[in-house]
2 protein chains.
Amino acid sequence: MARYAKALGHPVRVYIMQLLANQSCCYSGDLSQELPIAKSTLSQHLKELKESGLIQGQIEAPRIKYCVNSENWEEAKKLFKDFWSL
Amino acid sequence: MARYAKALGHPVRVYIMQLLANQSCCYSGDLSQELPIAKSTLSQHLKELKESGLIQGQIEAPRIKYCVNSENWEEAKKLFKDFWSL
DNA sequence: TTCGTAGTTCGTAAAATCACGAACAAATAT
DNA sequence: ATATTTGTTCGTGATTTTACGAACTACGAA
């Protein structure tokens, strides 16, 4: 729970997850264009999201596709659902 | 959203909020007994929860009663509910 | 008034976070 | 073979977080 919450504890990461929650997958480049941060900074945020388990990345040709990690996403969802009594 | 998530990004603070979610109010001393951390550390966590808006403290005789800040709690609840599509 | 209780604030230190540019790796395109 | 695109990793700082003990404040009890 705290691990997932921590991962969502930064506006950029919330933004990314909201995007992924809608379209389930995206490329780092897409994010890079929309967000006013350095590529390396973005990469770091993606890494943190990956380490939290919320997302996973798969190589696809020249770029990397980031997707929600469904299993952990559902786990987190349940934890938060219970936490907020939803 | 990120602000609330960040506040919940530590096990001790999650514990405190889970407790408060059930009984709505508690004293720092109660927490101090249950948690294996220094009083000052606990005080800091409570301060962060206060600054995030999730709780509020009111002086009551010699001790301080911490309660859920209902308004912000509901706001956070809604934000998370929407975020997770619950 | 003096003591004990409850809790905060201060000072300190170690670790983690956030952000950037530069250098790098891997694949594709020219 | 060289250049371009895509993204990671490295090195560096500034800031924040986490944690502790010690000192302090405020209140009630003896």
Side-chain angles (χ1 to χ4, degrees), chain A residues 1-20 23-69 72 76 83, chain B residues 1-20 23-69 72 76 83:
Chain A
M1 169 88 193
R3 182 165 53 93
Y4 293 129
K6 193 174 183 181
L8 294 173
H10 190 286
V12 164
R13 295 196 291 269
V14 169
Y15 177 86
I16 294 171
M17 292 315 297
Q18 275 171 335
L19 203 113
L20 285 181
Q23 64 189 57
S24 152
C25 285
C26 74
Y27 299 101
S28 174
D30 304 347
L31 296 167
S32 194
Q33 286 188 317
E34 296 179 60
L35 295 168
I37 59 175
K39 279 190 309 171
S40 53
T41 304
L42 172 58
S43 193
Q44 231 176 10
H45 283 303
L46 288 169
K47 189 180 174 187
E48 278 170 66
L49 286 173
K50 230 186 302 176
E51 282 170 359
S52 80
L54 286 175
I55 68 171
Q56 61 196 129
Q58 44 207 279
I59 297 162
E60 186 167 294
R63 30 222 229 291
I64 292 178
K65 191 159 93 173
Y66 285 101
C67 300
V68 169
N69 181 320
N72 292 329
F83 179 83
Chain B
M1 168 89 194
R3 182 166 53 93
Y4 292 130
K6 193 173 184 181
L8 295 173
H10 191 287
V12 165
R13 295 195 294 268
V14 169
Y15 178 86
I16 294 171
M17 291 316 297
Q18 275 171 335
L19 203 115
L20 285 182
Q23 65 190 56
S24 152
C25 286
C26 75
Y27 298 101
S28 173
D30 304 346
L31 296 167
S32 194
Q33 285 189 315
E34 295 180 60
L35 296 167
I37 58 175
K39 277 191 308 172
S40 53
T41 303
L42 173 58
S43 192
Q44 235 177 7
H45 283 302
L46 289 169
K47 190 180 175 188
E48 279 169 66
L49 286 172
K50 230 187 299 177
E51 281 169 358
S52 80
L54 286 176
I55 68 170
Q56 60 197 131
Q58 41 206 285
I59 298 162
E60 187 166 293
R63 29 219 229 293
I64 292 179
K65 190 160 91 171
Y66 287 101
C67 300
V68 170
N69 180 321
N72 292 329
F83 178 83

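Quick note on labels: first sequence line is chain A, next is B, and so on, each numbered from 1.
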Check: R13(A) side chain, L8(A) main-chain N or O, donor-acceptor pair, under 3.5 Å = no

Check: N72(B) side chain, G53(B) main-chain N or O, donor-acceptor pair, under 3.5 Å = yes

ask   = Does a side chain donor of either Y66(A) or Q58(A) reach within less than 3.5 Å of an acceptor in the other side chain?
value =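 Not at all, the side chains of Y66(A) and Q58(A) share no donor-acceptor pair under 3.5 Å.
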
request  = Could you tell me whether the side chains of E60(A) and Y27(A) share a donor-acceptor contact shorter than 3.5 Å?
outcome  =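 Result is yes, a qualifying pair exists.
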
inquiry  = On DNA chain D, does the nearest nucleotide to D30(A) precede the nearest nucleotide to K6(A) from the 5' side, or the other way round? Give the residue.
reply    =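 On the 5' side of the pair lies D30(A).
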
Could you give the [atom1]-to-[atom2] distance, from [X] to [N], as a whole number of Å?
{"X": "R63(B)", "N": "dT8(C)", "atom1": "CZ", "atom2": "P", "value": "13 Å"}
{"X": "Q44(A)", "N": "dT17(C)", "atom1": "CD", "atom2": "P", "value": "9 Å"}
{"X": "R3(A)", "N": "dT17(D)", "atom1": "CZ", "atom2": "P", "value": "21 Å"}
{"X": "Q33(B)", "N": "dT5(C)", "atom1": "CD", "atom2": "P", "value": "12 Å"}
{"X": "K65(A)", "N": "dT8(D)", "atom1": "NZ", "atom2": "P", "value": "15 Å"}
{"X": "H10(B)", "N": "dT16(D)", "atom1": "NE2", "atom2": "P", "value": "18 Å"}
{"X": "Y66(B)", "N": "dG7(C)", "atom1": "OH", "atom2": "P", "value": "8 Å"}
{"X": "L46(B)", "N": "dA19(D)", "atom1": "CG", "atom2": "C1'", "value": "15 Å"}

For the side chain of [X], starting at C-beta, report the closest nucleotide among [options].
{"X": "K47(A)", "options": "dT9(C), dT9(D), dT18(D)", "answer": "dT9(D)"}
{"X": "A38(B)", "options": "dC20(D), dT9(D), dT8(C)", "answer": "dC20(D)"}
{"X": "S28(B)", "options": "dT18(D), dT8(C), dA19(C)", "answer": "dT8(C)"}

key: L42(B) side chain reached by S32(B) side chain, heavy atoms, under 4.5 Å   =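 Heavy-atom side-chain distance check passes, below 4.5 Å.
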
So, is [X] close to the [N] phosphate, meaning a side-chain N or O under 4.0 Å from OP1 or OP2?
{"X": "R13(B)", "N": "dT18(D)", "value": "yes"}
{"X": "K39(B)", "N": "dT9(C)", "value": "no"}
{"X": "T41(B)", "N": "dA19(D)", "value": "no"}
{"X": "H45(A)", "N": "dA19(C)", "value": "yes"}

message = Any donor-acceptor pair, under 3.5 Å, between the side chain of S40(A) and the base of dG21(C), if you only look at N and O atoms?
response =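 Answer is yes: a donor-acceptor pair is held.
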
inquiry  = What's E48(B) touching, base or sugar-phosphate or nothing? Going by heavy atoms closer than 4.0 Å.
reply    = sugar-phosphate

task = Tell me what I37(A) touches on the nucleic acid: a base, only sugar-phosphate, or nothing, going by heavy atoms under 4.0 Å.
result = sugar-phosphate

